[in-house]
Protein chains: 2
Amino acid sequence: MPSETFNNLNPVKKKAITDAFLREFAIKTYDEASISKVVRQLGIAKGSIYQYFDGKLGLFLYLSDAATQVKMKYVAGVQRSDFPDYWTFFRKLYEDGINFDLENPLESHFLHNLRNSLNSPSVADLYAKFMDQTLAAFRQMVKHEMDIGLFRSDLPLDTAAFFIYKSSLAIYEHMEIFVGLSPKERIAQNRSVFDGMTEKMLQVVDQYIALMKNALENPNL
Amino acid sequence: MPSETFNNLNPVKKKAITDAFLREFAIKTYDEASISKVVRQLGIAKGSIYQYFDGKLGLFLYLSDAATQVKMKYVAGVQRSDFPDYWTFFRKLYEDGINFDLENPLESHFLHNLRNSLNSPSVADLYAKFMDQTLAAFRQMVKHEMDIGLFRSDLPLDTAAFFIYKSSLAIYEHMEIFVGLSPKERIAQNRSVFDGMTEKMLQVVDQYIALMKNALENPNL
DNA sequence: AAAAAAAATGACCGGGTAGTCATTTTTTTA
DNA sequence: TAAAAAAATGACTACCCGGTCATTTTTTTT
């Protein structure tokens, strides 16, 4: 999506630009995020951005792709078949997610912040795609657990899948509310969101796993 | 908060103004909502709004109060002590919430949309207050159920309370995603959000109650 | 070193917003 | 009906924004 001009850029400048916009979009809504402000901060001309990207939306799509690719490197290797049950698998996904955050705070929080951009119709499409994929993945997982008898099967697939999805998001919000995590502040300071909180985070993960386990696990076993 | 001038207004005009802004803020973020557009639509001068309210924030606070008061009329009467267990109580709260929506679509969706205005610092404070109150209420409920032995007590109060709170929000989102409910469309058409969906909604409520029940109920009984 | 290609620039355009306030219109009081 | 009080008005200010493009600067090629 970005132009050749952008790809040919000095890697240092390229990263500086990417990071500055990741930071902006990680803190603000799509509509609130200001290209003018960021270029002022970067000390480059606004016109340049429009030679690099196809408008604000093109820039945003590029950042989405970039951030997603980085996250995939951390998470794609985690396979359900390598774990005895769903919950150890789920926990490992979270552990790797934390590592992703520790090493790529901007990408991590950009992705977390995606859902706040729902109000802009242009971005809503992108988000809907993300959502579809995520829900499809959860649905497939749940189906598998039901098939092998680990999950109770008296609930619609959609409900169980959405429930897990929502619970996994709730963990992050729990950290914000009860552990005093403030992503925006930390991103503004260019710090990792979960830095120094790994242990506490995993404790909370275990609490929510306990809840999900009770809610979904087959009581016959 | 509104001026005397506003309170002395012809009730019809007063309602027209209130409704128009409820509708705007129900569909848009605080920052996205445009006073200019609404007054154009209403056919009144922009200056009037600034004689009625203390700026955009004052207007917003007035709408919050108004909507909350209406909702309270529906929900305040539901007492835990009138129900044999938490879940019938919870279900009744939802039933009354649906009635509130059917009869007051604008107020209902204004309140639902509140959380989308988090990005504006001025409104964030207001939202934080709402949140504190809501969580305190859930925490108290959970404590009570743990005390009387209906809920398991091996989880932190905060976690259990937040879990219920989040699950109750998930029900609305479930409706949007899987039942095709689109609040913004319906509000724009001045229709109730849940109109014609009461039955389906309560089915979904029951599904989430089942999940929460498994998750939280004391297994010893 | 000269010519050609590539990249960077920033003034400018059209559009939007919240909020102000001197003036006009309407209503109430006397 | 005339004077006073209350309410409504909308042009105006000061500020944003995304996006454009003719011009200038830099880099590459010849």
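Lettering follows sequence order; numbering is per chain, from 1.
Across its full length, the helix from C:dA1-D:dT30 to C:dA30-D:dT1 shows an angle of 10° between the axes of its 5 terminal pairs at either end, rounded to 10 degrees.
Checking each of B:F60, B:F110, B:F21 against B:Y30 for a ring pair (Phe, Tyr, Trp, His ring centres under 6.0 Å) leaves exactly one that passes, namely B:F60.
Taking the side chain as every heavy atom from C-beta outward, A:M1 and A:D54 never approach each other to under 4.5 Å. Between B:V204 and A:T159 the shortest side-chain heavy-atom distance does not fall below 4.5 Å.
Within residues 4-30 of chain B, the residues that place at least one heavy atom under 4.0 Å from DNA chain D are, in residue-number order, B:T5, B:N8, B:L9, B:K13.
Across B:A33 and B:K56, no two heavy atoms sit closer than the pair O-NZ, 2.9 Å. In plain terms, the two heavy atoms of A:T29 and A:N116 that are nearest each other are CG2-O, 3.5 Å.
Backbone-only engagement by A:Y52 is indicated by non-hydrogen atom pairs under 4.0 Å involving sugar-phosphate atoms exclusively.
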Enumerate donor-acceptor pairs with a distance under 3.5 Å from any side-chain N or O in residues 39-50 of chain B to protein atoms, sequence neighbours excluded.
{"from": "B:K46", "atom 1": "NZ", "to": "B:S36", "atom 2": "OG", "distance (Å)": "3.2"}

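Ring centroids of A:Y172 and A:F194 are separated by less than 6.0 Å, placing the two rings close together.
Residue-to-nucleotide proximity on DNA chain D shows that, of B:G43 and A:K56, the 5′-proximal contact is made by B:G43. Position along DNA chain C of the nearest nucleotide to B:L57 versus B:Q51 favours B:L57 as the more 5'-ward residue.
In this pair, A:F6 and A:Y62 present their aromatic rings perpendicular. The plane angle is above 60°, beyond the 30 to 60° band. In this structure, A:F89 and A:Y86 have perpendicular ring planes: the angle between them is above 60°, well past the 30° mark.
Residue pairs that meet the side chain to side chain donor-acceptor pair (under 3.5 Å) test with at least one member in residues 121-140 of chain A, sequence neighbours left out, are A:R139-A:D158.
At C:dG19, one or more side-chain N or O atoms of B:Y50 fall inside 4.0 Å of OP1 or OP2 (strictly under the cut-off).
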Name the pairs: protein N/O against N/O of nucleotides 10-14 of chain C, kept only if under 3.5 Å.
none

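First and last contacts of DNA chain D with chain B, using any nucleotide atom under 4.0 Å from a protein heavy atom and ordered 5' to 3', fall at D:dA7 to D:dG10.
Within 6.0 Å of atom CD in B:E173, more than 12 heavy atoms from other residues, nucleotides or ligands are found, so the atom counts as buried in its surroundings. No more than 12 heavy atoms of other residues, nucleotides or ligands shown are found within 6.0 angstrom of NZ on B:K143.
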